[in-house]
Structure formats: C-alpha cells, structure tokens
Amino acid sequence: MWRDNLRGIFYIALKDIKTYYLKPPAISWGIVFPITWILAFYLRNPGDFKELVPGLIAMTILFSTTSAEAVVINFELRLGTLERLLLAPISIGGIFLGKVLGGVIFGFLMTTIVTIISVIVLKLHPSIPYLILIILPSLFLFSSFGALLCVMVKEVFEAQTLLNLPRFLMIFLSGVIYPVSKMPSALQYFAYILPLTYTVAGLKQSFSGNPDRTLFLYAFVLILFLFLFIFPAIKLLSKKFE
Amino acid sequence: MKNDIVIKVENLTKRYGEILAVDHISFEVKEGEVFGFLGPNGAGKTSTIRMLTGLSKPTGGNASILGFDINSQILQIKKHIGVVPEISNLYDELSAMDNLIFMAQLYGVPREERLKRAEELLKIFKLYERKDSPFRTFSRGMKRALTIAASLIHNPKILFLDEPTVGLDVVAARSLRNLISNLRHQGITIFLTTHYLEEADLLCDRVAILVKGKILTIDTPLNLKTKTDRKTLEEAFMKITGLEPEILAIEKGR
C-alpha cells in the first residue's frame, strides 16, 4: 500500500510541475518577485547587498513554494480533477503530499538558481550541508503552509488573499530585510512565532563562515512547523470528501 | 455472466445532516453482469456510487467489492475498479495521451505497457487521431469517451458508470452505449446509474429501482415489465415508483 502511495505522490508532483509550476505566473511570483524586491533595497544601499542574500533566498523559498500551492488544490476541487485522483489507489494524505512535493521541487529549482547566482556573483562561501539543512525543511514547510491555507477556504481567490497577509508580515518581521535583533522587543517576540524567521536565521548562519549549533535548533523548529501545518491540512482536505 | 458475487451491499446508509440520501440498501452484483441502478434525480444513485468507490464514507452499513471491505480496504478495491463520474474530470491542459499515461502511472501500470495500453484504448474509442489534442478542446461526447478510456487503463474488473450518456447528443449516446455493450462482452462487470430507462432496458441484465434512498425492487427488465404488465421499462418504472398517477394527471391536463 505504501508503494502505491509513494508512486502516486511522485507522479502527482511531476504532473503538477508540468501543468502548474513551469508556467509564467508561477515563475514570475517564485523568482522575479523576490529578486525585484531585493534589488529595490540594493539600489538604496549597495554596500549591504551581501547581507541581503539570506533574505533573498528565504523569500524565494516562500514565494516559489506558496504561489501556486495555495491555489492548485481548490482549483482541482472545483474542476473535479482532485476527485479523479482520489479514485486511484492513493490515500488523501498521499494526494496532499504529492501536491506539496510539486511545490517543493519547483521551490528547490528556483532556490538553487537564486543561490548559485548569488554565490558566484558575490563570491560568497556558504556551508553547503548547512544550507541544505535549512532549505529542505523550509521548502516542505512553506509548501505545506500554502496547501493548508488552500484547504482552509473554498475559493481560489480567497486562498491568494489569505496567503498574502502572512507572506508580507513575514517579509517585514522575519529578518529578511531588517534584522530581528534590531526590532523593538515586542516585535521580536512576534518574529519568533513566524517560521520564516528560522529560515532566515539558519541561512545567515550558513553564510556566516562560522555556523554554530543553533543552526540545528533552527532546522528542528522548521520541522516542528512542518508537522504543525501538514496534519491539520490533511484532516481538512479529508473533511471536504465526507 | 458467472454466479460469483463481486459487489455485496448490506444496509448501506448515507446521511448528509438531516437528509437521509441512502436508506439501508442491500443488493448483490454478480461477476460479468451489467447492473443498472435506476431512479429519479435525488434518489441516492450517485451517493451510493461515491460510497462504493471510496469518494465518501458510509454513515452506516457495509459493502464489499471483490471481497474487500469498503471501510477498511478501499485502496485494494480502487486497484480493481474503474470509475466514470457523471462529470468528465480529466485534466484540461493535458493531451488525451498524457491524461491516459498519467492515469496509468497512478494505477501502477508497468512502464513498458503504458504507451501500448493508452494507444490501444485511444484506437478503441476512436480518439487516436486526436491523441495530442488537449482534453479541453474535445466535444462533450469525446470527453466522455476519453473519461471511460481513462477508467479502463488498468484493466479493471468492475466499471462504475455514473449517468454515462447524460448531456450527450443522440449519436454520441448511441455510440457510447455500443462501447458499454462491448465492455460487457469482454467480461467486465458494469455498475451503471442512469435515469434513461430505455438505456437501462437495452444494456442491463438486472436493475434496482431506487426512490428516496430506498430500493423498491431488483429484477431483470423483462421480469419487471411482465410483473407490472407494462410494455416498456419506463412504464414499469412509473408503476413501481407510484409515479404513474402523477404522469396520467399531467397528460389529462394537457
């Protein structure tokens, strides 16, 4: 049975990449938006650009995984194609993970491109294993987050609207542009309930040249967030078929 | 048709809040049989199919398909059944061929057989010339045919067809009925819901008549016509469901 599920997860992800992700809207939201955003800050203060790279990578992870993810499930529910998937020998959890994996693979491609370009152009020397340790759980976490928001609502446009609030909150409060340590203490507490804060902090450590053990703590917290999003999302999706 | 029971339903019930959509129904379907599930709109036909195919959970009762329990072994059941829902629901952006290949992948059809099987089905359903066209460009009849082809990609033992000819023109509906008839000759058990009684009369070995979630009778179309002393299955259906006086009153009022 687990083999049927694994096969289903893999092929659903591949199909989603082909039909939803490798399309101009997903690519523009996933990569063009974070680059434009960061470039705006670079033009304001070119000297600090290296400091912005972890934030740029974090934003690429956030936007590339969530942009299409937040709509595909509702879109397919509406068209009846999700029901088609459910007729195959795959559990609802398997279908959900297939959808999440589609976002993860696309996010991984986008993040890899942004990271490689940043490293080459700015002559950075990140720790690759630590980068992977932070990027991988972040990709799964934010893809699940997008899918969770999607199953919380009925309409495609509702999911996009619902997604924009936490996304923009995280851009401003998770240390993407402005360091969390320099924020007022009340905002710092708030920042630590946002998952992107741990992604940015972990990425900063990976690029620091001297990462310490707190990086493992960040990875662990990211995994905790992942479970926090994934289980309720599967439960909510199951309810749609009761 | 053999005598082995492939679908066994006992006291199956589905409730949506206050509405009792399926009310303790019981029936059996034999291997190789075309079993018709007839009833007016809202009788509970689709709710029953949804429970039997794992799209919704029963509120009560039980059913087994090919010996597997629908409550605890639904993934095993799904490997052996094909389902054609009322609305053709393949992927609009994918071509006919890609839709079939994707379904073959989901059902675990071996890699070396996928293409061959998809081509074979496209030829049987006369869609081979359009194999590279996106699903969205197909006519309603072609969409229906491709949806049936997709449900057969893994060689299922039982095929569930929910209102297969609804919304089709006369030619497309006739062609689809011929296809269903051919499937029956291949030994596939067919569970068919329809409210076109002429279609049921032509295709089904036995029919169950369902009204307000309850099965009123199960028999062959011929026996139902004989028992009710009516010439057509439609007239027999009116008599059994008690709709006959209503229809007569409408006809008198004209």
Side-chain angles (χ1 to χ4, degrees), chain A residues 1-26 68 71-99 101-102 105-106 156 234-242, chain B residues 14-17 46-47 49-59 68 72-95 98-99 101-111 114 134-136 143 146-147 150-151 153-154 156 159-160 162:
Chain A
M1 204 140 56
W2 61 269
R3 278 180 67 183
D4 293 320
N5 270 315
L6 279 183
R7 186 182 57 236
I9 291 167
F10 175 71
Y11 285 118
I12 289 170
L14 277 191
K15 195 275 301 165
D16 276 6
I17 288 170
K18 190 175 171 184
T19 48
Y20 302 121
Y21 288 99
L22 297 179
K23 295 279 166 74
V71 296
V72 290
I73 294 176
N74 275 341
F75 183 65
E76 290 206 12
L77 265 171
R78 176 172 275 218
L79 291 179
T81 45
L82 201 77
E83 201 164 279
R84 178 86 241 167
L85 297 179
L86 204 58
L87 291 171
I90 310 159
S91 64
I92 288 191
I95 293 171
F96 182 84
L97 290 176
K99 296 280 164 201
L101 186 64
I105 295 172
F106 177 72
V156 171
I234 293 172
K235 190 86 187 159
L236 281 173
L237 184 61
S238 306
K239 277 198 165 182
K240 291 190 186 243
F241 289 99
E242 274 175 9
Chain B
K14 183 69 185 180
R15 189 181 276 281
Y16 298 103
T46 300
S47 293
I49 277 206
R50 289 179 69 83
M51 286 188 281
L52 295 179
T53 57
L55 287 178
S56 74
K57 285 183 181 153
T59 313
F68 298 111
S72 58
Q73 295 170 298
I74 195 68
L75 291 188
Q76 300 286 350
I77 291 172
K78 286 176 181 178
K79 285 184 186 179
H80 302 289
I81 63 168
V83 186
V84 182
E86 192 175 345
I87 296 160
S88 301
N89 58 358
L90 295 176
Y91 285 92
D92 274 344
E93 333 56 67
L94 296 184
S95 68
D98 284 348
N99 263 303
I101 296 287
F102 177 53
M103 288 302 146
Q105 289 167 334
L106 290 183
Y107 281 92
V109 176
R111 188 184 292 265
R114 283 176 206 154
F135 184 62
R136 67 168 178 273
K143 281 186 174 177
L146 190 68
T147 309
S151 69
I153 194 81
H154 57 297
L159 185 64
F160 288 86
D162 194 4

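Chain A is the first sequence line, chain B the second, and so forth, proteins listed ahead of strands; every chain is numbered from 1. Computed from heavy atoms alone, side chains included, the values below leave out hydrogens, waters and symmetry copies.
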request  = Start with the C-alpha gap between B/I101 and A/Y11, add the side-chain angles, then the distance that decides, and say whether side-chain contact (heavy atoms from CB on, under 4.5 Å) holds.
outcome  = CA-CA 10 Å; B/I101 296 287; A/Y11 285 118; over 6 Å; no
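Scanning all heavy atoms of the two residues, the minimum distance from A/R84 to B/P85 falls at NH1-CD, 3.8 Å. Summarising the geometry of B/N89 relative to A/G80, their closest heavy-atom pair is ND2-O, 2.9 Å, with the distance given to 0.1 Å. Here the closest non-hydrogen pair linking B/Y91 and A/K15 is CE2-NZ, 3.1 Å.
Residue contact with chain A, scored on non-hydrogen atoms closer than 4.5 Å, is absent for B/I81. Contacts between B/F102 and chain A at a heavy-atom distance below 4.5 Å involve the side chain alone, from C-beta outward. Neither the backbone nor the side chain of B/S88 has a heavy atom closer than 4.5 Å to any heavy atom of chain A. For chain B, the nearby parts of A/I12 are the backbone and the side chain; heavy atoms of each come within less than 4.5 Å. With a 4.5 Å cut-off on non-hydrogen atoms, B/L90 touches chain A through its backbone and its side chain both.
Annotation: the span from A/I90 atom CD1 to B/L75 atom CG amounts to 9.0 Å, rounded to 0.5 Å. Interatomic distance, CE of B/M103 versus CG of A/L85, reported as 6.0 Å (0.5 Å rounding). Taking CD1 from B/I87 and OG1 from A/T81, the interatomic distance works out to 12.0 Å, rounded to the nearest 0.5 Å. Note that CG of B/L106 and CD1 of A/I9 are 11.5 Å apart. Values are rounded to the nearest 0.5 Å.
In summary, A/D4 and B/K78 do not engage in a salt bridge, as defined by a charged side-chain N under 4.0 Å from a carboxylate O. Ion pairing between a basic and an acidic side chain is recognised when a charged N comes within 4.0 Å of a carboxylate O; A/K23 and B/E93 show no such pairing.
The choice from B/Q76, B/R50, B/K57 that makes the most heavy-atom pairs within less than 4.5 Å of chain A is B/R50.
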